[in-house]
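Residue numbering restarts at 1 for every chain, and letters A, B, ... go by the order of the sequence lines. All figures in this text were calculated on a predicted structure; none of them were measured in a lab.
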There are 2 protein chains.
Amino acid sequence: MSITIKDIANAAGVSDSTVSKALRDSPLVQDKTKSNILKIAHEFGYQPNVVARSLVSKKTNTVGVVWPTIERATPSALITIITEELEKHSYSTLLAINKVTSSIETFSQFQVDAILIFNDQKNEINHRAVLRSNVPTLCYGIANQSPYPTVDVNRRLAIQMAVQHLISIGHTNIAYIGDLSKNDPMQEEKVIGFMQEMKKNGILRFENMVETNGLDQYDGYLAMKSVLKQEVLPTAIISGSYDLTKGIMKAISETKLRVPKDLSIIGYDIVPKRDLRDLEISIVGVPLPKIKDKVVETLLKITGNQVIDLAIKLEPELRITNSCASPRT
Amino acid sequence: MSITIKDIANAAGVSDSTVSKALRDSPLVQDKTKSNILKIAHEFGYQPNVVARSLVSKKTNTVGVVWPTIERATPSALITIITEELEKHSYSTLLAINKVTSSIETFSQFQVDAILIFNDQKNEINHRAVLRSNVPTLCYGIANQSPYPTVDVNRRLAIQMAVQHLISIGHTNIAYIGDLSKNDPMQEEKVIGFMQEMKKNGILRFENMVETNGLDQYDGYLAMKSVLKQEVLPTAIISGSYDLTKGIMKAISETKLRVPKDLSIIGYDIVPKRDLRDLEISIVGVPLPKIKDKVVETLLKITGNQVIDLAIKLEPELRITNSCASPRT
DNA sequence: ATGAAAGCGCTAACAG
DNA sequence: CTGTTAGCGCTTTCAT
């Protein structure tokens, strides 16, 4: 049996409610009494029973994160900083990795104050079940796919911006290296952005779309190796992810080609970790901290039942460095 | 406000407790009444309030997993299957990625029935805080480092077994490719196993220990590349992880060397995914499902406050395939 | 400033 | 078989 408010009340010789007040730092308790109670509570190793508390207060100060695809490493950096930020606002974060519907159920039963769904798969979410759960819910993924608010990094636009820039400085043979499968809607958005923009300019060729097996460095390395075997090399590369970019750079470094003289590079990137220091690669995307801020801000809003827009789109930034140059003629 | 047991009682014209019993499928309720209540509950979209329930039953049917190093991909496969298994036993699983102590606190406040700590770092865990939390706790990591039970995969022995085998078939120049840093006690165990066994046989040389940057394919690829530059090549390689092995194989495939004719390989491996089909690599380690079973079994035991051993060591298996042969003389 | 009492939603005796 | 009662640990009026 663990320590309850009663045990402390007994030890301090006061009533339960006084202890409750003292613990919540109410001004209705004398300082002396308060500090005495606090001391005893600490001695006893008292831990408030959230379960009992929330039964009356209807608040748990906890947000639940639904993360069905734990084995994909990409979003974990985001989750980590979101958790840190929420902690600053004195919210705890709990993760669930079951199927979306059953995770929601668990969180709803635990009376979390808000739910964040990482929707990085073509999940068949039972939206009715989610809505019925009665817990304010936010999505991270593609907007307008669900009946609840979604924070959406505009990946399509990001890649379009990259293409536009490369075209504007004269490139016509641009390759996209990334995940071309249709399993992950976020990756798909990038591909669509690339294809649209290339088609619009009438320069999309079959060889320009380079499939990778995954999103790791190694995948980028292998993909770039295959590109290097093409008869006519592209003059510019857009990479679908930070890790891919690292592998791509490695593959290039094993040839006599030089960036940006022979090849311009822009990487899609929202990750802050930067160990491409040797050569600053041009990047496009929304910086992670910006996403984190928006997500947490929105989460905090919805816990207060504030009504917010369904689609919260974050606009990407294009940061061009000396990894880009006009093609040699 | 959500639907409570009372609302259903009202609608069905029975008492709260009858509804409670019906919902828990008690035999003490007439079938007719029961089905009527169930029907109404379903119509209303009733969701039991676990918070209230556990306040009286002292059970949440939930286990909390403390996982402070979410960004390292390795253990996620384990967590995934543990979660699945627990679900079969009608337990929900919640993850926390904060610091160990504060995660424990959260779980303790939520009254989870058991806690599983993934201790894959040199964490400074405040053991007293954990013990005080009063929640049965299990560790996954290195045994005898904490005052609570630990499921420990005997990594040291695993690597020793691999070395022994290679020596037994005539190898004397054996390299270990893996994480040599001392940040992760689990990796360290493997290194110790290797060094001990090599020293015991008087064949440990400096070049035999090959450092990688991480545990990904790419790291293995790069490390093997560097090995291939050595003047005298080892005749056998022991790889520290599944992904490293993949990269190592790739690097070898780019040379004229053949496995096992020129090089024998044993990989440390507990992961079930097998896409090295083309060539079955010899492996040593404890299969993931076995770990999962032991962890879940133990978790279930401790929720019932059964007393169990502090150190639960799982013995590795060595599976030799045709990736190993005696060295050419 | 402190305590008594009521109640959050549910379960578990105990009566009927 | 069904209803009544008490109480889980905590917060929150409302008295004192």
Side-chain angles (χ1 to χ4, degrees), chain A residues 1-38 40-41 44-62 105 108-113 133-135, chain B residues 1-38 40-41 44-62 105-113 133-135:
Chain A
M1 215 37 250
S2 41
I3 312 300
T4 77
I5 223 169
K6 245 176 196 160
D7 301 319
I8 300 175
N10 276 132
V14 295
S15 78
D16 309 7
S17 58
T18 304
V19 175
S20 172
K21 283 169 199 149
L23 257 19
R24 326 222 76 219
D25 201 24
S26 155
L28 302 176
V29 182
Q30 216 180 325
D31 278 355
K32 213 183 86 190
T33 324
K34 198 186 282 182
S35 61
N36 184 233
I37 289 174
L38 258 25
I40 296 180
F44 283 18
Y46 170 77
Q47 286 283 15
N49 184 333
V50 178
V51 159
R53 172 180 293 172
S54 77
L55 186 56
V56 27
S57 73
K58 305 286 182 205
K59 285 265 294 172
T60 48
N61 267 281
T62 303
E105 217 163 76
S108 149
Q109 295 180 344
F110 272 103
Q111 314 274 94
V112 299
D113 298 335
S133 82
N134 240 321
V135 182
Chain B
M1 214 37 252
S2 38
I3 312 298
T4 79
I5 224 170
K6 247 177 194 156
D7 301 318
I8 300 175
N10 276 133
V14 295
S15 78
D16 309 9
S17 59
T18 303
V19 174
S20 171
K21 283 169 200 152
L23 258 19
R24 327 219 76 218
D25 199 26
S26 155
L28 301 175
V29 182
Q30 215 181 329
D31 278 357
K32 213 183 86 190
T33 325
K34 198 186 283 181
S35 62
N36 183 235
I37 290 174
L38 258 26
I40 297 179
F44 283 19
Y46 170 76
Q47 286 280 22
N49 184 333
V50 177
V51 159
R53 171 180 294 173
S54 76
L55 185 56
V56 32
S57 73
K58 305 287 186 203
K59 285 266 294 174
T60 46
N61 267 281
T62 302
E105 220 163 73
T106 305
F107 283 139
S108 146
Q109 295 180 347
F110 272 99
Q111 314 275 100
V112 299
D113 299 334
S133 82
N134 241 322
V135 183

Separation of D/dT2 atom P from B/L23 atom CG, nearest Å, is 14 Å

Separation of C/dG3 atom P from A/N10 atom CG, nearest Å, is 12 Å

Taken to the nearest whole Å, CD/A/Q109 to P/C/dG9 is 15 Å

Check step by step if side-chain hydrogen bond (donor to acceptor under 3.5 Å, both in side chains) holds for A/T18 and A/S15. CA-CA 5 Å; A/T18 304; A/S15 78; 3.1 Å; yes

Exercise. Give B/S54 one of three labels, base, sugar-phosphate or nothing, depending on what nucleic acid heavy atoms sit under 4.0 Å from its own.
Key: nothing

Judged by nearest nucleotide, the residue sitting upstream toward the 5' end of DNA chain D, A/K6 or A/R24, is A/K6

A/D16 atom CG is separated from D/dG9 atom P, nearest whole Å, by 11 Å

Taken in chain and number order and not counting sequence neighbours, the residues that satisfy side chain to side chain donor-acceptor pair (under 3.5 Å) with B/S35 are none

Is any side-chain nitrogen or oxygen of A/T18 closer than 4.0 Å to OP1 or OP2 of C/dG3?
-> yes

When rounded to whole Å, the CD1 to P distance for the pair A/I8 and D/dC10 reads 8 Å

### Task
Return no unless some side-chain N or O of B/T33 is found under 4.0 Å from OP1 or OP2 of D/dT2.
yes

Applying side chain to side chain contact (heavy atoms under 4.5 Å, CB included) to A/S108 and not counting sequence neighbours gives A/S133, A/V135

List, with names and distances, any nitrogen or oxygen atoms from the protein found under 3.5 Å away from nitrogen or oxygen atoms belonging to nucleotides 14-16 of chain C.
none

Need one value for B/V14: base, sugar-phosphate or nothing, where a base atom within 4.0 Å counts as base even if backbone is also close, heavy atoms only.
sugar-phosphate

Does a nitrogen or oxygen in the side chain of A/R53 sit under 4.0 Å from OP1 or OP2 of D/dG9? no

*asked:* Any side-chain N or O of B/Y46 below 4.0 angstrom from OP1/OP2 of C/dG9?
replied: no

Here the distance between atom P of D/dG3 and atom CD of B/Q30, to the nearest Å, is 11 Å

Taken in chain and number order and not counting sequence neighbours, the residues that satisfy side chain to side chain donor-acceptor pair (under 3.5 Å) with A/Q109 are none

Check: Is there a side-chain contact between A/I8 and A/Y46 (heavy atoms, below 4.5 Å)?
Finding: yes

By side chain to side chain contact (heavy atoms under 4.5 Å, CB included), A/A52 pairs with (sequence neighbours left out) A/N49, B/L55

Across all chains, not counting sequence neighbours, the salt bridge (Lys or Arg N to Asp or Glu O under 4.0 Å) partners of A/K6 are none

A/I5 has its side chain closest, among D/dC10, C/dT2, D/dG9, to D/dC10

Checking A/L23, A/N10, A/I37 against A/I5 for side-chain contact (heavy atoms from CB on, under 4.5 Å), the one that qualifies is A/L23

B/N49 CG to C/dC8 P, in whole Å, measures 12 Å

Quick note, salt bridge (Lys or Arg N to Asp or Glu O under 4.0 Å) partners involving residues 12-33 of chain B, not counting sequence neighbours, are B/D25-B/K34

Item to complete: Check every strand shown and say whether A/S20 touches a base, only sugar-phosphate, or nothing at a heavy-atom separation below 4.0 Å.
Response: base

When rounded to whole Å, the CG to P distance for the pair B/L55 and D/dC10 reads 9 Å

Rounded to 10°, the angle between the first-five-pair and last-five-pair axes of the helix from C/dA1-D/dT16 to C/dG16-D/dC1 is 40°

The side chain to side chain donor-acceptor pair (under 3.5 Å) partners of A/S54 (sequence neighbours excluded) come to none

- prompt: Within the pair B/K34 and D/dC1, is there a side-chain N or O less than 4.0 Å away from OP1 or OP2?
  reply: no

inquiry  = Heavy atoms only, 4.0 Å cut-off, all strands: where does A/S17 land among base, sugar-phosphate and nothing?
reply    = base

